[in-house]
2 protein chains.
Amino acid sequence: MERKGKASLEDIARATGVSKMTVSRVLRGGTGFSDDTKDRVTQAAARLGYIPNRLAAAFGADQASTLVGICVPRLTSGLFGQVLDGVERALSRLGYQAIIGTNAYEAAEEEAWVRQVSSWRPAGLILTGRVHTAGTVELLRSNALPVVEIWDLTTSPIDLSVGFSHRDCGAEMGQFLLRKGRRRAGYVGALAQADVMGRARMEGFAEALAAGGHPLVDREVLLDRPGFYQGYYGLETLLARSPKLDVVHFHNDEMAIGGLHFCQARGIRVPEDLGIAGWGGMEAASVLPKRLTTTVVPTTAIGKASAEALVARIRGEAPQEVTVLPTRLVPGETA
Amino acid sequence: MERKGKASLEDIARATGVSKMTVSRVLRGGTGFSDDTKDRVTQAAARLGYIPNRLAAAFGADQASTLVGICVPRLTSGLFGQVLDGVERALSRLGYQAIIGTNAYEAAEEEAWVRQVSSWRPAGLILTGRVHTAGTVELLRSNALPVVEIWDLTTSPIDLSVGFSHRDCGAEMGQFLLRKGRRRAGYVGALAQADVMGRARMEGFAEALAAGGHPLVDREVLLDRPGFYQGYYGLETLLARSPKLDVVHFHNDEMAIGGLHFCQARGIRVPEDLGIAGWGGMEAASVLPKRLTTTVVPTTAIGKASAEALVARIRGEAPQEVTVLPTRLVPGETA
DNA sequence: ACAGTCAGGTTTACCGGTAACGTAGTCCAA
DNA sequence: TTGGACTACGTTACCGGTAAACCTGACTGT
């Protein structure tokens with residue numbers, strides 16, 4: 001039982017008395033060898049602890065890399081974790097490996113990541129959002145790299161797109177709240193400088209309200225990340241400025257839950273005195289004393305669908321260019 | 001402005017009139033070339049849109065791969081997302097790329113992943129937990145692959161270890177609850193078949209209670225994953241069987257919050273009628289109407305420290321073999 | 001005047017796997 | 001008996017980057 005830590009096809013070939021090309025054919029399940037040869041090669045490979053070297057295979061002329069890059073804004077958000085989970089499972093099942101990256105909502109960081117990961121000659125990339133630097137787009141185009149843009153839908157993707165419209169999410173919530181009789185709406189946001197998708201939701205929300213004749217009264221968009229505390233203090237700030245609001249829509253569920261606790265602390269009755277609406281569909285939102293009115297996002301499904309579309313493209317099949325995975329507004333007891 | 005999508009050192013060499021070895025030296029910031037040559041090469045590289053081919057570099061005899069594999073049980077848990085965030089940031093800063101994987105708490109799945117990812121000749125691996133198959137250990141040992149085992153501390157790691165003791169977490173909570181006067185404790189768990197780390201917490205908890213003279217009265221360990229609903233129904237089941245408990249410790253914070261809502265729904269006063277304690281340190285836990293008594297885990301710090309230790313090992317420095325990052329029991333208002 | 005040193009290169013070999021192509025032997029039908 | 005088809009291989013070249021060895025002319029000190 002010899003072991004070197006790194007047996008190559010050559011080693012197996014020597015041990016078996018055939019050429020390394022034959023070994024390659026046997027181990028990749030090709031044809032053109034006898035059963036006897038197959039057995040001897042297979043046994044030698046097992047005995048030597050052979051581990052195929054994908055680096056060498058991908059390096060060759062064929063460029064058969066099975067690496068896929070996936071870049072999300074941040075990993076501390078539960079939503080992106082779920083997306084990643086969907087991506088990873090699907091890729092793994094299809095025989096691909098995922099290289100991850102984060103861009104902190106910065107297109108420039110995304111470009112740096114794309115440049116880095118491109119040097120591994122990946123088979124394809126999954127990017128979050130539809131805003132990219134010119135450099136990124138140029139890089140992807142000139143390398144003819146299969147790409148899926150996820151999360152925020154675009155009707156003219158670089159290559160493929162899987163997601164939903166953030167603007168529509170905001171608009172739908174605006175219309176819903178108007179139907180519920182709300183007339184003086186506010187908005188509490190976060191990541192003001194960075195998150196264009198959050199901003200799209202806010203704009204869709206404001207537009208729908210304006211179209212309904214009761215425009216957005218006030219908004220408080222923090223520079224900070226969207227967390228519970230930020231929701232708490234964001235609502236406090238907003239209400240200090242505009243005390244007569246009758247409903248507040250939040251950047252996401254974490255912030256909305258923070259807002260709910262502010263109301264509880266101040267004795268503001270929800271939904272009687274003030275309605276609260278979130279976005280995202282955190283599991284926590286559905287087990288609150290009062291179920292949060294929110295929009296549920298098909299995170300895992302987006303991950304899965306994007307990975308499958310990308311692999312289809314890589315394999316030369318013709319996947320659907322734009323896949324819409326609709327969100328679902330779930331009326332709760334808070335608005 | 002020519003572009004082919006794949007310029008090589010050779011192309012730059014031709015365009016500049018030097019050898020590709022010289023181009024390699026310039027682009028890697030070596031020495032042995034004039035400023036004039038350097039400028040011409042740099043400009044040609046930019047003009048041709050050169051992207052280095054790490055595949056080729058890693059493939060060569062030097063084996064200078066900058067890939068690092070990281071395997072966690074699941075990505076849908078916020079805690080592991082935070083770990084991954086810490087890992088990814090640190091690796092990226094140090095010039096490494098992360099390939100992710102999940103093992104669903106199964107050592108056999110981990111082995112399959114290690115085998116897959118090994119074929120990319122990674123510079124090192126980060127694994128979650130200290131339970132691995134014999135095949136995994138053999139594979140890592142024979143390849144002399146730098147490895148960090150994170151999350152659950154082991155005093156005799158395969159190579160390096162960064163984390164804390166789950167058993168101690170459970171024990172500490174047991175002692176704390178005894179000091180608070182609790183005498184009839186229960187436990188609600190999840191992932192009974194799979195999560196050895198959750199089991200370690202439960203065992204530590206039970207031991208501490210027994211040592212204090214008031215052993216664990218009853219436990220309900222679900223096969224399901226640890227979620228809000230599972231906490232809700234787990235507590236319902238447990239109390240149906242053992243109605244006289246005065247405190248219940250949960251597998252994690254999600255389940256504990258589920259338990260809190262069960263209490264709210266049934267009019268059970270917390271902490272007067274029943275104490276509730278969680279584990280993990282979800283941000284949500286700290287903004288509940290009553291702050292949850294829980295154990296905060298240094299997730300991001302573990303990710304960061306493990307990545308840094310691994311890179312130190314890869315670079316031939318001598319990192320600390322075992323790094324303990326302590327958890328912190330945070331008394332809330334629920335127990 | 002000549003060996004020694006050094007900057008600034010070039011040449012060669014190699015990593016492991018695979019595509020493309022070559023070849024020896026066998027079998028069978030015309 | 002010959003030629004075509006088929007099986008079961010072997011040979012060669014190549015991918016892109018890098019280590020190591022080698023080369024060359026200019027300058028230097030004695």
Side-chain angles (χ1 to χ4, degrees), chain A residues 4-42 44-45 48-67 95 116 118-123 143, chain B residues 4-42 44-45 48-67 95 116 118-123 143:
Chain A
K4 282 278 78 181
K6 47 185 102 176
S8 71
L9 289 189
E10 189 79 58
D11 298 329
I12 299 175
R14 252 197 307 274
T16 327
V18 297
S19 72
K20 67 172 184 171
M21 192 63 229
T22 298
V23 177
S24 170
R25 279 193 277 252
V26 170
L27 295 183
R28 279 184 307 141
T31 55
F33 45 82
S34 63
D35 284 353
D36 177 55
T37 302
K38 178 181 167 183
D39 291 346
R40 277 160 52 228
V41 166
T42 309
L48 296 171
Y50 174 70
I51 293 179
N53 188 337
R54 267 188 219 275
L55 234 41
F59 165 61
D62 55 318
Q63 304 283 16
S65 168
T66 55
L67 291 176
Q116 279 288 320
S118 288
S119 68
W120 286 105
R121 302 291 188 260
N143 288 33
Chain B
K4 283 276 78 180
K6 48 185 103 175
S8 72
L9 288 189
E10 189 79 56
D11 299 329
I12 299 175
R14 251 197 307 274
T16 327
V18 297
S19 72
K20 68 172 185 172
M21 193 62 231
T22 299
V23 177
S24 170
R25 276 195 279 255
V26 169
L27 295 182
R28 277 184 309 141
T31 55
F33 46 82
S34 64
D35 284 353
D36 177 57
T37 301
K38 178 182 168 183
D39 290 347
R40 279 161 49 229
V41 165
T42 310
L48 296 171
Y50 175 70
I51 293 177
N53 188 337
R54 268 189 219 275
L55 235 41
F59 165 61
D62 55 316
Q63 304 283 16
S65 168
T66 55
L67 291 175
Q116 279 289 319
S118 288
S119 69
W120 286 104
R121 302 291 187 260
N143 288 32

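Below, chain A is the first sequence line, B the second, and so on; all start at residue 1.
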Are A/Ser24 and C/dG16 close enough that a side-chain N or O sits under 4.0 Å from OP1 or OP2? no
Sugar-phosphate only, base, or nothing, as touched by A/Ser19 at under 4.0 Å among non-hydrogen atoms: base
So what does A/Phe33 touch, heavy atoms closer than 4.0 Å: a base, only the sugar-phosphate, or nothing? sugar-phosphate
Grab the CH2-P distance between A/Trp120 and D/dC15 for me, whole Å please. 20 Å
How many whole angstroms separate atom CG of B/Leu27 from atom P of D/dG16? 15 Å
Measure CG/B/Asp35 against C1'/C/dG9 and give the value in whole Å, please. 15 Å
Measure the distance from NZ on A/Lys20 to P on C/dT18 and round it to the nearest whole Å. 10 Å
Heavy-atom nearest nucleotide on DNA chain D taken for B/Glu10 and for A/Arg25; more 5' hit belongs to A/Arg25
Among the nucleotides C/dG17, D/dC9, C/dT10, which one has an atom lying closest to any side-chain atom of A/Ser34? D/dC9
Please classify the nucleic acid contact of B/Thr31 as base, sugar-phosphate, or nothing, using heavy-atom distances under 4.0 Å. nothing
Any donor-acceptor pair under 3.5 Å from A/Arg40 side chain to A/Thr16 backbone: yes
For A/Ser8, which contact category applies under a 4.0 Å heavy-atom criterion: base, sugar-phosphate, or nothing? sugar-phosphate
Ignoring the backbone of B/Arg28, work out which of C/dG8, D/dT18, C/dG16 is nearest its side chain. D/dT18
Whole angstrom value for the distance that separates C1' of D/dG16 from CG of B/Leu55: 9 Å
Any chance you could measure A/Phe33, atom CZ, to A/Asp39, atom CG, to the nearest 0.5 Å? 10.0 Å
Hey, which of these two, B/Ala56 or B/Gly32, hits DNA chain C nearer its 5' end, going by closest nucleotide? B/Gly32
Ion pair present between A/Asp11 and A/Arg14, side-chain N to carboxylate O less than 4.0 angstrom? yes
Without swapping roles, check the side chain of A/Ser119 against the backbone of B/Arg54 for a donor-acceptor pair under 3.5 Å. no
Would you mind reading off the distance between A/Asp11 atom CG and C/dC15 atom P, rounded to a whole angstrom? 11 Å
Given atom CZ of A/Arg121 and atom C1' of D/dG16, what is their separation to the nearest angstrom? 9 Å
Distance in angstrom units between B/Met21 CE and C/dT11 P, rounded: 13 Å
With rounding to the nearest 0.5 angstrom, report the CG to CG distance, A/Leu48 to A/Leu9. 11.0 Å
